[in-house]
Amino acid sequence: MNTDDRRPAAASRAGGRRQEYAEATRQAIVSAARKLFAEKGYFATRVEDIAAEARVAPATVYAVGGGKYGLLDQLVAMWQSSPAIAATLDELLRLDDPVLVLRVLSARTRQIREEYSDIIKTVLATAPNDQAVAATLDKVVGYYRGSINRVSQHLASLNALRPGAHVQFATAVLWFYFGFPGLSAMHDDSGWSYDDAEKWLADEAIRALLFDMQ
């Protein structure tokens, strides 16, 4: 084989290794930021802290992660791109039992909350004091409320809403029970187990919206 013929293959392998190293470095930085934001808070965490935790230079945190906001933005993207989120809406819109719709909504909300509670808490705690993070949270809330509105429309199409209830009312009720504060108040603040909180939220949403359906 001609030496020149081997060069493209060798270059390809070297390029693949560089890509693997770059991705491993990015993952280490993102993981370090997630850990430190949860432990110390967004504002108390310095880029130097993230660099030390990830065992890279501070300049690498800026170059690869985009600094603290860039890293928080990546964490939000990780949360929002969870397959469970898209799958949940598709699953709910296929169900024709309104009670089951609300029980599955409660179960999937709990699942996502358990997996991403650290990121959710970081964003909620940071947004009131940072305009960029607040704008990111507004986008998340807009998407989430839009999904809940589609669930409300689905319940209405099943003729499941109690007399006097309408889609806008149902959306407000579902946001009250399954928005960010619900599980936080019950699990984090009051010490309820996730199992107990999931069941109670579902029971109360059923009572509020479906009247006498159990």
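- Taking the centre of each ring, Tyr42 and Tyr69 stay at or above the 6.0 Å mark.
- Nearest heavy atom pair, residue Phe169 against residue Arg162, reads CZ-NH2, 3.5 Å.
- Side-chain contact annotation: Gln27 with Glu23, donor-acceptor N/O pair under 3.5 Å present.
- Heavy atoms of other residues, nucleotides or ligands lying less than 6.0 angstrom from CG of Asp96 number 12 at most.
- Remark: Lys40 pairs with Leu36, Ala44, Thr45, Asp49 by the side-chain contact (heavy atoms from CB on, under 4.5 Å) rule, at least two apart or across chains.
- Using modelled atom types, one side-chain atom of Thr122 and one backbone atom of Asp118 make a donor-acceptor pair closer than 3.5 Å.
- Atom OH of Tyr62 has 12 or fewer heavy atoms from other residues, nucleotides or ligands within 6.0 Å.
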Q) Can Arg145 and Asp138 be said to form a salt bridge (Lys or Arg N to Asp or Glu O under 4.0 Å), step by step? A) CA-CA 10 Å; Arg145 287 189 69 103; Asp138 284 345; over 6 Å; no
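- The nearest pair of heavy atoms linking Glu115 to Arg34 is O-NH2, 3.0 Å.
- Within a 6.0 Å sphere centred on CZ of Phe176, other residues, nucleotides and ligands contribute 12 heavy atoms or fewer.
- Judged by distance alone, with hydrogens and angles left aside, the side-chain atoms of Ser82 form no donor-acceptor pair with the main-chain N or O of Met78 at under 3.5 Å.
- Between His187 and Ser193 the shortest heavy-atom distance is CD2-C, 4.2 Å.
- Checking side-chain atoms of His166 against main-chain N and O of Leu161 turns up no donor-acceptor pair under 3.5 Å.
- The backbone N or O of Arg108 lies less than 3.5 Å from no partner atom in the side chain of Thr88, so there is not a single donor-acceptor pair.
- The backbone N or O of Val56 lies less than 3.5 Å from no partner atom in the side chain of Thr60, so there is not a single donor-acceptor pair.
- No donor-acceptor distance shorter than 3.5 angstrom exists from the side chain of Ser184 to the backbone of Pro181, with no hydrogens or angles considered.
- Between the side chain of Ser190 and the backbone N or O of Ala185 there is at least one donor-acceptor pair closer than 3.5 Å.
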